[in-house]
Amino acid sequence: MDTAEERLKGQIEIWELTGAVIDSMALRCAVELGIPDIINSHGRPITISEIINSLKSTKASPNAEYLTRVMRLLVHNRVFTSQVHQESNQIVYNLTRSSKWLLKDSKFNLSPTVLFDTHPIIVKPWQYLGRCVQENGFPFERAHGREIWDLASADPKFNNLLNGAMGCTSTTIINEMLLGYKDGFSGIGSLVDVGGGTGTIIAEIVEANPHIIGTNLRPSTCGGYSAWIFQELSMLVVICLLTFPEADAVLMKWILHDWSDEDCTKILKKLYKAITKKKNGEVIIVECVLRPGGSGLFDKIGLIFDMGMLALTSGGKERTEDEWKMLLNNAGFPRYNIIQTPSCAYCIIVAFPE
């Protein structure tokens, strides 16, 4: 029976869902202003006045009332803490486990992801979601007239924003990979990272496993790692796979979720040809494995990532294990292992050819 209490709870849930965009924009404000770093630099809880005095403003005095209201919401969302200082009787703010992930000098810094996900270019496609459900099409293309990769290649600032968001999450993932697949890397002599961006992951793998010859299939710079072999291939060439070196293993992080099942099958079949000439060849895939009914720490995050693929790519998606199994089987990989990483939303899927 629909009681008054249940109706009230339903109302609150809708308000909270509607206000989620406000939560994320308040978080963006804190990151743009560098508030986590300001608090951290003081080494103690600080007042609004101390935050204001640390802001770099060249046009006008910062608005303390606005900032107080922003901080009030972020305290409620456990991004910061607040308490009344006993001696001064002023409210002071401090970091939490959440805001420590926003420190620029930290090895694990998610600030670039916050700035990317809340950027106007990324926010706009969501306005077209309903229309694309009704009429088909892709939200990002509807919003901007081209795919996200084309926009990134034409807009250096946006491209830097995209690479920053990809790079900051790579740090967390590579730690999980080096732990979760440590024994696997020990048996690999040559490894190709398809679409490896700026080369963060292949660099870390080679550094931890000097016996591996690493190839990054994406324009990049060497960065001092003599074991790297970089091939100057554009993303289009990589995805079309016009040229592909033989290797013991191929690594793909966040590549297949950008593409439809049909395109993924084409990519995987080309990889199959590249590694089947090698004894015990394998494809290492770093992606989400959706568990729609799950209650794990990252299960909802996976669903959110899937919606991001829907809005930002032209046919990309996150996949359940059954969907991964079908995709791999169709491309000639009947055997696979899924290694769940405990500290991030992604799994290591190791696929083996027939």
Side-chain angles (χ1 to χ4, degrees), residues 11-40 46 48 51-52 54-82 91 93-104 106 108-132 139-140 142-144 148 151-152 155 157-169 298 300-313 345:
Q11 178 192 162
I12 293 171
E13 289 166 356
I14 294 299
W15 280 118
E16 288 179 342
L17 288 169
T18 303
V21 65
I22 299 171
D23 290 336
S24 62
M25 289 305 171
L27 182 63
R28 178 184 177 87
C29 174
V31 171
E32 285 182 324
L33 297 176
I35 293 175
D37 292 299
I38 291 172
I39 296 174
N40 189 56
I46 61 176
I48 285 290
I51 297 175
I52 289 289
S54 298
L55 294 177
K56 297 178 180 179
S57 179
T58 58
K59 294 184 179 180
S61 299
N63 192 311
E65 181 200 353
Y66 284 4
L67 181 57
T68 301
R69 290 159 66 180
V70 171
M71 293 297 287
R72 183 169 59 190
L73 176 61
L74 292 175
V75 167
H76 180 81
N77 288 342
R78 299 182 297 279
V79 178
F80 301 105
T81 62
S82 68
I91 296 176
Y93 301 89
N94 206 356
L95 301 175
T96 66
R97 63 188 183 191
S98 297
S99 45
K100 288 177 181 178
W101 280 83
L102 303 174
L103 298 174
K104 292 180 180 178
S106 172
F108 303 103
N109 171 25
L110 291 178
S111 289
T113 297
V114 173
L115 295 177
F116 176 78
D117 287 341
T118 57
H119 191 277
I121 289 176
I122 299 302
V123 171
K124 187 177 180 181
W126 293 104
Q127 305 296 324
Y128 293 81
L129 186 58
R131 188 182 303 179
C132 288
F140 194 93
R142 287 290 185 94
H144 299 292
I148 189 170
L151 181 57
D155 185 339
K157 289 185 178 179
F158 179 68
N159 188 54
N160 288 338
L161 192 72
L162 174 60
N163 284 331
M166 295 287 288
C168 77
T169 49
F298 292 102
K300 182 179 178 181
I301 303 300
L303 299 177
I304 292 173
F305 287 169
D306 180 54
M307 290 299 296
M309 293 301 100
L310 194 161
L312 304 181
T313 68

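- Rounding to the nearest 0.5 angstrom, the gap separating the CD1 atom in Ile122 from the CD1 atom in Ile148 is 4.5 Å.
- Remark: Leu95 CG to Ile38 CD1 distance equals 11.0 Å, nearest 0.5 Å.
- Contacts of Asp117 classified as side chain to side chain contact (heavy atoms under 4.5 Å, CB included), with partners at least two apart in sequence or in another chain: Thr113.
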Working note: Val123 + Met25, criterion side chain to side chain contact (heavy atoms under 4.5 Å, CB included); need CA distance, chi angles, decisive distance, verdict. CA-CA 11 Å; Val123 171; Met25 289 305 171; 3.8 Å; yes
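- Residue Ile22 holds its CD1 atom at 13.5 Å from SG of Cys29, rounded to the nearest 0.5 Å.
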Side-chain donor-acceptor distances from residues 66-77 under 3.5 Å, at least two apart:
residue : atom : partner : partner atom : Å
Thr68   : OG1  : Ala64   : O            : 2.8
Arg69   : NH1  : Glu65   : OE2          : 3.2
Asn77   : ND2  : Asp23   : OD1          : 3.0

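- With sequence neighbours excluded, no residue satisfies side chain to side chain donor-acceptor pair (under 3.5 Å) with Asp37.
- Checking side-chain atoms of Ser99 against main-chain N and O of Val79 turns up a donor-acceptor pair under 3.5 Å.
- One finds the CD1 atom of Ile48 at 10.5 Å from the CG atom of Asn63 (value rounded to the nearest 0.5 Å).
- In this structure Thr118 satisfies the side chain to side chain donor-acceptor pair (under 3.5 Å) test together with Arg28, sequence neighbours excluded.
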Pair Ile35, Tyr93 - check side chain to side chain contact (heavy atoms under 4.5 Å, CB included), show working. CA-CA 10 Å; Ile35 293 175; Tyr93 301 89; over 6 Å; no
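- For the pair Leu103/Asn109, no side-chain contact is recorded, criterion being any heavy-atom separation below 4.5 Å from C-beta on.
- In this structure, CE on Met307 lies 10.0 Å from CD1 on Ile304, to the nearest 0.5 angstrom.
- Remark: Lys104 NZ to Ser111 OG distance equals 7.0 Å, nearest 0.5 Å.
- Using a 4.5 Å heavy-atom threshold, the side chains of Pro36 and Phe80 count as touching.
- When the ring pair (Phe, Tyr, Trp, His ring centres under 6.0 Å) test is applied to Trp126, no partner is found at least two apart in sequence or on another chain.
- Checked against side chain to side chain contact (heavy atoms under 4.5 Å, CB included), Phe298 has the following partners two or more places apart in sequence or in another chain: Ile301, Ala345.
- Not counting sequence neighbours, the partners of Arg142 by the salt bridge (Lys or Arg N to Asp or Glu O under 4.0 Å) test are Glu135.
- Partners of Met309 under the side chain to side chain contact (heavy atoms under 4.5 Å, CB included) rule, at least two apart in sequence or in another chain, are His257, Asp258, Thr313, Glu318.
- Closest approach of Pro139 to Ala311, counting heavy atoms only: CB-O, 3.5 Å.
- A search for ring pair (Phe, Tyr, Trp, His ring centres under 6.0 Å) contacts involving Phe140 returns His144, not counting sequence neighbours.
- Among all heavy-atom pairs drawn from Gly164 and Pro112, the shortest one is O-CB, 3.4 Å.
- Side-chain atoms of Thr96 come within 3.5 Å of backbone N or O of Arg78 as a donor-acceptor pair.
- Partners of Glu16 under the salt bridge (Lys or Arg N to Asp or Glu O under 4.0 Å) rule, at least two apart in sequence or in another chain, do not exist in this structure.
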